[in-house]
Amino acid sequence: MSHQNFLTLLDLSADTLRNLITRAIELKAMQHAGTVHEPLKHKILAMVFEKSSTRTRMSFEAGMAQLGGHATFLSPRDTQLGRGEPIEDSARVLSRMADVIMIRTFEHEKIERFAAYSRVPVINALTDLYHPCQLLADMQTYLEHRGDISGKTVAWIGDGNNMCHSYINAARQYGFTLNIACPEGYDPDTGILQAAGDSASIIREPVEAARDADLVVTDVWASMGQEEEQARREQAFARYQVDSTLMQAAAADALFMHCLPAHRGEEVAADVIDGAQSVVWDEAENRLHAQKALLEYLLG
Ligand code: CP
Ligand code: NVA
């Protein structure tokens, strides 16, 4: 396989990941200045979405258009993927037409199987296990607001989910310490956590995890596909809301991030997400710039 995939943050070297953030900041400045930059003219991105999306779809579609290329949205509702065409066959066909493929799906194993049969780079746009594109945007946002994240402390408050797993990998790759506060029974995957060594550990108590942290991050209590667990999860996570008391335990200049969509009054209090420490709108915008840097790199 001669092409590079982006299925997890471990697919790229730490240097490449840092360069992507630098490039994303350059591309953002160019975009804001109105500079036309179209290195991907005539390139096609196929976007396979088996779950809902606002930010990911819009940022990839806008990003490809701005880079001079084109993006095609494919949903299982109206493609043969939804009628049982094998993932291997879909990968072989789509990758003969598109130059790069982005997939949002359930089982991570599915995107790995797809990538194994693809002739072109495959990007993970969220699986049940990881959400690496979001981390590119989060790392860009931290750098823009506070400088280098290496050596800093990040508190993850909430579910040991796909976002948490990508934060664990980011701690390894970008060199920060991750404190994870999750209720028992909602821990991140043991293998992913252990592979991170001293970079990430479970602290359990939210205030302890957030103490002196430079960045506090959370995510929904029930992810896509877990809708029927909502009530049970609301009970389990009741003490895990990021509120102003929790933010006071963090460093005075701590930032708050959330990949969105958010549920005010559940995982985050309204006065935190809408408050002065929150950078969630920059974080959302940076999905566009960071993924443009990623597309340039993978198709470069
Ligand atoms: N953060 C994120 O991936 O948002 P969407 O689900 O709207 O794409
Ligand atoms: N953990 C969330 C992230 C949404 C962007 C989910 O998987 O639904």
Side-chain angles (χ1 to χ4, degrees), residues 6-9 24 45-64 71 73-76 101-111 123-142 156-170 178 180-183 186-189 192 215-230 232-234 236-237 240-242 256-264 266-268 273 278-292 294-295:
F6 186 58
L7 306 190
T8 86
L9 286 167
L45 167 69
M47 306 191 298
V48 179
F49 279 98
E50 298 198 316
K51 291 176 175 172
S52 303
S53 169
T54 297
R55 280 144 289 269
T56 305
R57 178 177 177 180
M58 189 61 203
S59 55
F60 270 111
E61 206 161 322
M64 275 309 279
F73 175 78
L74 301 160
S75 112
I101 301 172
M102 182 237 81
I103 307 181
R104 169 168 287 196
T105 189
F106 292 86
E107 302 85 1
H108 189 75
E109 172 269 333
K110 212 162 158 182
I111 200 172
I123 298 172
N124 181 355
L126 185 146
T127 62
D128 290 345
L129 206 58
Y130 293 111
H131 194 5
C133 290
Q134 183 67 52
L135 263 292
L136 296 180
D138 288 21
M139 295 298 100
Q140 180 186 346
T141 308
Y142 191 88
W156 174 267
I157 312 293
D159 194 15
N161 64 11
N162 46 8
M163 275 297 298
C164 179
H165 293 149
S166 283
Y167 259 93
I168 294 171
N169 284 347
L178 183 68
I180 301 164
C182 50
Y186 296 92
D187 291 3
D189 176 85
I192 295 171
L215 169 63
V216 178
V217 195
T218 190
D219 185 15
V220 291
W221 290 340
S223 285
M224 289 182 276
Q226 299 173 330
E227 288 77 8
E228 75 292 349
E229 297 176 33
Q230 178 69 30
R232 179 154 59 81
R233 285 172 169 267
E234 276 177 30
F237 287 91
Y240 287 77
Q241 183 184 88
V242 178
F256 170 76
M257 290 192 201
H258 188 312
C259 63
L260 307 177
H263 298 79
R264 289 170 177 76
E266 290 183 31
E267 74 274 6
V268 62
I273 191 167
S278 171
V279 289
V280 297
W281 312 122
D282 289 341
E283 184 187 2
E285 178 189 335
N286 285 340
R287 293 292 303 279
L288 171 67
H289 310 298
Q291 288 158 198
K292 282 169 72 178
L294 176 68
L295 288 163

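Both ligands and their constituent atoms are indexed starting at 1 by order of listing.
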Can you list the ligand 1 atoms lying under 4.0 Å from a non-hydrogen atom of [X]?
| X | answer |
| --- | --- |
| L260 | 1 (N), 2 (C), 4 (O) |
| T54 | 5 (P), 7 (O), 8 (O) |
| C259 | 1 (N) |

So [Y] and [X], do their side chains get closer than 4.5 Å, heavy atoms only?
| X | Y | result |
| --- | --- | --- |
| H258 | D219 | yes |
| L126 | T56 | no |
| I168 | D189 | no |
| C133 | I123 | yes |

Can you find an N/O atom of [X] closer than 3.5 Å to an N/O atom of ligand 2?
| X | value |
| --- | --- |
| H131 | no |
| S223 | yes |
| M224 | yes |
| D219 | yes |

Within 45° cone and under 6.0 Å: R233 NZ/CZ vs Y186 ring: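 Pair R233/Y186 does not count as cation-pi.
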Please determine which of K110, H108, H165 meets the side chain to side chain contact (heavy atoms under 4.5 Å, CB included) test together with T127.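 The passing option is H108.
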Basic-acidic side-chain contact under 4.0 Å: K51, D128: yes
Using heavy-atom distances only, which candidate in M224, K51, R55, R104 approaches atom 6 (O) of ligand 1 most closely?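 Residue with the shortest heavy-atom distance to the ligand atom: R104.
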Note: heavy atom closest to atom 4 (C) of ligand 2, options L126, D128, L129, belongs to L126
Can you list the atoms of ligand 2 that are under 4.0 Å from a heavy atom of [X]?
| X | result |
| --- | --- |
| N161 | 1 (N) |
| N162 | 1 (N), 2 (C), 6 (C), 7 (O) |
| L260 | 5 (C) |

Counting heavy atoms only, which part of T56 comes closer than 4.0 Å to ligand 2: side chain, backbone, both or neither?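 Neither part.
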Give a yes/no verdict on whether any heavy atom in H131 is under 4.0 Å from an atom of ligand 1. yes
I'd like to know if the side chain of [X] reaches the main chain of [Y], judged simply by a donor and an acceptor atom lying under 3.5 Å from each other, with no hydrogens or angles considered.
| X | Y | answer |
| --- | --- | --- |
| N286 | H289 | no |
| E227 | G225 | yes |
| S166 | H131 | yes |

Write out the residue and atom name of the closest protein heavy atom to atom 2 (C) of ligand 1, then the distance separating them to 0.1 Å. R287 NH1, 3.3 Å
